[in-house]
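Only a predicted model underlies this, so the values are computations on that prediction, with no experimental measurement involved. Reminder, nothing fancy here: chain letters follow the sequence lines and each chain counts from 1.
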2 protein chains.
Amino acid sequence: MSTAVAKRKRTGEPAGEVLAHPPREELELAAVLHALSDPVRLLIVEGLAGGEERSCKSFDLPVVKSTCTHHFRVLRDAGVIRQRLDGTTKMSALRRDDLEHRFPGLLDAVLGARHH
Amino acid sequence: MSTAVAKRKRTGEPAGEVLAHPPREELELAAVLHALSDPVRLLIVEGLAGGEERSCKSFDLPVVKSTCTHHFRVLRDAGVIRQRLDGTTKMSALRRDDLEHRFPGLLDAVLGARHH
DNA sequence: GAAGAAGTTCGATGACTGTCGAACACGTTA
DNA sequence: TAACGTGTTCGACAGTCATCGAACTTCTTC
C-alpha cells in the first residue's frame, strides 16, 4: 500500500489536515461576502445552518457534481465552511465561531434574511 | 432649450426620478452581497456609513472616474445606495432603512467588521 | 459665450466565474 | 477481486467583472 490514506496511517497524520482552511484571523470580508453572493452557495450555507455536519451528496443542489466541488471549495477557501474527509465522503460544517469572532452578526444576518 | 433638464422643467418631473432604484421589496440578498463584495465598493459604503449624502468626487478612491461610475451604479442597482442629481454632481446616500427592513442586521454587521 | 467641473458613455482588455461532461482516484462493500 | 459510491481534476465555454482612456454631456461660473 502506498496511497495517501496509507501514508497518513503510517505517519499518524489526521485525515482532515490535507484540506487547506484559512485561519480565523485571516478571513477577509470581501472574500466572505463574495462566497455568499451566489444562490447555490447560499443554499449550501442555509443547509448547514442547523450546525450539523453534512456530506456534499446530502444536498439536492441544481448543479452537477463537479460544480458542487467548485462551490464547496469557494466556501472553504473563503473560510465560511470547514471540510473533513470521512472515508469516501467529505463532511462540511459552518465555521460559525470563526465567522462570529471576525464578523459579528454577519452570518446570522445572512441566514435570517427574508428570501424572495 | 431642448435639454433633458429643460424638459424636466417644462414637465415638472423631479430630477431624481431619472435614476432607477429597485423598490425595497425587490432587494435581493445575493445581489446585495455581491455589491458589497468588492473592496472599492466597501470603501464607498463605509464612507456613507455616517448617514450624510456625499458626492462621488468627495471620495478618494483608487480608481479613475469612469470606474467610479461603474461601482456607484452597481451599488445603486443592488439597492445599497440611493442617488440624486444636484446640478452637475450626483449625491449618494446609504439606503439604511430599506436594507434594515429587508435584511435586518446585515449592513451593521458589514460596517462593524474588523478589517485586515 | 467660453471655460471649467462632475459624471457618463463607449470600446477594449485581461481576469475571473459558473457551468458542464468525461475521465480519474479512492475507499467501501459484495 | 470486482463493482459501486463519493468526490476530484481537467478542459472547454460562454458570460460577467473591474479597469482604463478618450470623447462626450450637462450644469455652473466667469
Going by salt bridge (Lys or Arg N to Asp or Glu O under 4.0 Å), name the pairs with one or both residues in residues 48-59 of chain B, residues two or more places apart or in two chains. B/E53-B/R84
May I ask you to verify if any side-chain N or O of B/H70 is less than 4.0 angstrom from the OP1 or OP2 atom of C/dT8? no
Distances under 3.5 Å between nitrogen or oxygen atoms of protein and nucleotides 2-4 of chain D:
none

Name all residues meeting the side chain to side chain donor-acceptor pair (under 3.5 Å) criterion together with B/R82; count only those two or more places apart in sequence or in a different chain, and write none if there are none. none
Indicate whether OP1 or OP2 belonging to D/dT8 is found under 4.0 Å from a side-chain N or O atom of A/K90. yes
Hydrophobic clusters here meaning ILVMFWY residues chained together by side-chain heavy-atom distances under 4.5 Å, can you tell me if B/L61 and B/L111 are in one? yes
Whether A/T69 contacts D/dT8 is assessed here as follows: a side-chain N or O lying under 4.0 Å from the phosphate OP1 or OP2. Is that the case? yes
Spell out yes or no: do the side chain of A/T88 and the base of D/dG5 have one donor N/O and one acceptor N/O closer than 3.5 Å? no
Tabulate protein N/O versus nucleotide N/O from nucleotides 12-14 of chain C, keeping only pairs under 3.5 Å, one per line.
none

Rounded to whole angstrom units, what separation is found between the CD1 atom of B/I44 and the C1' atom of D/dA18? 12 Å
Rounded to whole angstroms, how far apart are CZ on B/R73 and P on D/dT16? 13 Å
Using a 3.5 Å cut-off and no angle test, enumerate the donor-acceptor pairs between side-chain atoms of residues 63-70 of chain A and protein atoms at least two apart in sequence or in another chain.
unit_1, atom_1, unit_2, atom_2, d
A/T69, OG1, A/K65, O, 3.4

Close residues, residues 52-63 of chain B, relative to DNA chain D [heavy-atom separation under 4.0 Å]: B/V63
Can you tell me if the side-chain N/O atoms of B/R41 get under 4.0 Å from OP1 or OP2 in D/dA18? yes
Tell me the closest heavy-atom pair linking A/A113 and B/F103, and the distance in Å. CB-CD2, 3.5 Å
For B/T67, which contact category applies under a 4.0 Å heavy-atom criterion: base, sugar-phosphate, or nothing? base
For the side chain of A/K65 and the base of D/dG7, is some donor closer than 3.5 Å to an acceptor across the two? yes
Listed nucleotide nearest any side-chain atom of A/T89, set D/dT6, C/dG21, C/dT19: D/dT6
